[in-house]
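Below is one structure, written out as structure tokens; the observations come after it.
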Amino acid sequence: GKPVTHIDPDGAEDGWIPTDGGAGATVLSEPVGAMTWFPNNNTPRDKATFDMKITVPSELEVAGSGDLKSVRKHTGKETWRWVQPHQQATYLAMISISDYNVYHSTMRTTTGRKLPIWSFIEPKLGTVAEQRALIPKIIRYEERRFGPYPFNSAGIVVKETGAGYALETQNRPVFDGVPDDLTNVHEWAHQWYGNSVSLTNWVDIWLNEGFATYAEWLWDASHGGPSTAETFQKEYDSHPADDALWKPAPADFDDPADLFGSQGYLRGAMTLQALRQQVGSHDFFIILRSWAKQHKYGNVTTAQFIRLSERVSGQDLDAFFHAWLYVAAKPALS
């Protein structure tokens, strides 16, 4: 077949995005772009393992999601093989074909595992050494809060794709240009929340984006920035009751154009901080780690997260979560 680019309801491009004047391409598939390059049951609840072989002219390189198994050279061409042994949603499968500089290194996780790191950098963007050096630091930082890193390799793809966004493709996030530190932190947090622990239905996307945004708050608080409570209060105070942030509700909307709205990202992160203040930091981080551990490589719903939060805290949180996730209005602070 001939792959194409898909236009989402919010106007963003996903799927097969040609680059380099058509000589290369990058696949960024959230939410439904995977259908542009391979046949699949295109829902995050139908996860699978992947084995991808991509043959390109020998002057090009191929980044992929999963682990690099081989690069086989033959006359004027190369075949790159990327294998994803862990369950992966279709939208997280990625290849990016271009004239890349490839950087390979290794790191140790907090549990002592040795992870290979393969990063693919567009030459005109430089070495991106600072952002590559952050990868092991971010992974170990997030392991201490979320639990062991769930995959077998890591790395980044940095290229001016023209897509206008970054994506947490499994094992190897893709960035449209050199990312800032917090964007880097955000996409790595998704390896736990979104990639390993995946949605059952897109309406629960706050379980992806709220968690990754909260990881930014945590990182900022640990690196000289405001505390997560201070960030929460600033955001709460700066968004009046009629602000667009409060509509639609994070876990109750039906317009696909709202899928990547601020209600999932910012209000989702605010929900987590409000939960932390409700149950206390000790129980809160038990909830985060238990969520990642109990549903590793699986699919989840908001209802399951509510049940876990109640079980760990011993509190009835129905009214709390109803106000923060299901009502299109600014929640009152208790």
Practice problem: Show your reasoning for whether side-chain contact (heavy atoms from CB on, under 4.5 Å) applies to Lys77 and Ser58. | Solution: CA-CA 4 Å; Lys77 296 182 180 180; Ser58 56; 5.7 Å; no

Self-check item: NZ or CZ of Lys247 within 45° of Phe253 ring axis and under 6.0 Å
Solution: no

Exercise. Hey, can you tell me if Tyr297 and Phe151 have their rings parallel, tilted or perpendicular (30° and 60° cut-offs)?
Key: tilted

Practice problem: Run the numbers on His6 and Met35 for side-chain contact (heavy atoms from CB on, under 4.5 Å), then give the verdict. | Solution: CA-CA 9 Å; His6 177 71; Met35 66 186 179; 3.7 Å; yes

Exercise. Can you establish whether the number of heavy atoms outside Asp318 located under 6.0 Å from its atom CG is more than 12?
Key: yes

Quiz item: Do Ser198 and Asn299 meet the criterion of a side-chain donor-acceptor pair at a distance under 3.5 Å?
Solution: no

Practice problem: Flag the pair Arg311 and Asp283 as a salt bridge only when some basic side-chain nitrogen lies within less than 4.0 angstrom of an acidic carboxylate oxygen. | Solution: no

Exercise. Evaluate the ring planes of Tyr141 and Trp219, with Trp represented by its six-membered ring, and classify them as parallel (under 30°), tilted (30 to 60°) or perpendicular (over 60°).
Key: perpendicular

Quiz item: Linking I/L/V/M/F/W/Y whenever any side-chain heavy atoms sit under 4.5 Å apart, do Leu167 and Val178 land together?
Solution: no

Quiz item: Taking the six-membered ring of Tyr149 as reference, does the NZ or CZ atom of Arg113 fall below 6.0 Å from its centre and within a 45° cone about the axis?
Solution: no

Practice problem: Evaluate the ring planes of His186 and His190, with Trp represented by its six-membered ring, and classify them as parallel (under 30°), tilted (30 to 60°) or perpendicular (over 60°). | Solution: perpendicular

Quiz item: Do the ring planes of Phe50 and Phe38 sit parallel (below 30°), tilted (30 to 60°) or perpendicular (above 60°)?
Solution: perpendicular

Quiz item: Where the side chain of Arg267 meets the backbone of Trp324, is there a donor-acceptor pair that is under 3.5 Å apart?
Solution: yes

Self-check item: Side-chain ion pair, Arg81 and Asp51, N-O less than 4.0 Å
Solution: yes

Quiz item: Does one side chain, of Ser65 or Gln84, offer a donor that lies under 3.5 Å from an acceptor on the other?
Solution: no

Quiz item: Does Leu266 offer a backbone N or O that forms a donor-acceptor pair with the side chain of Ser262 under 3.5 Å?
Solution: no

Quiz prompt | Trp188 ring center near Phe146 ring center (under 6.0 Å) | solution = no

Exercise. Run the salt-bridge test on Lys124 and Glu160 with the 4.0 Å N-O cut-off and return the result as yes or no.
Key: yes

Quiz item: About how many Å separate CZ of Phe211 and OG1 of Thr271, when rounded to the nearest 0.5 Å?
Solution: 9.5 Å

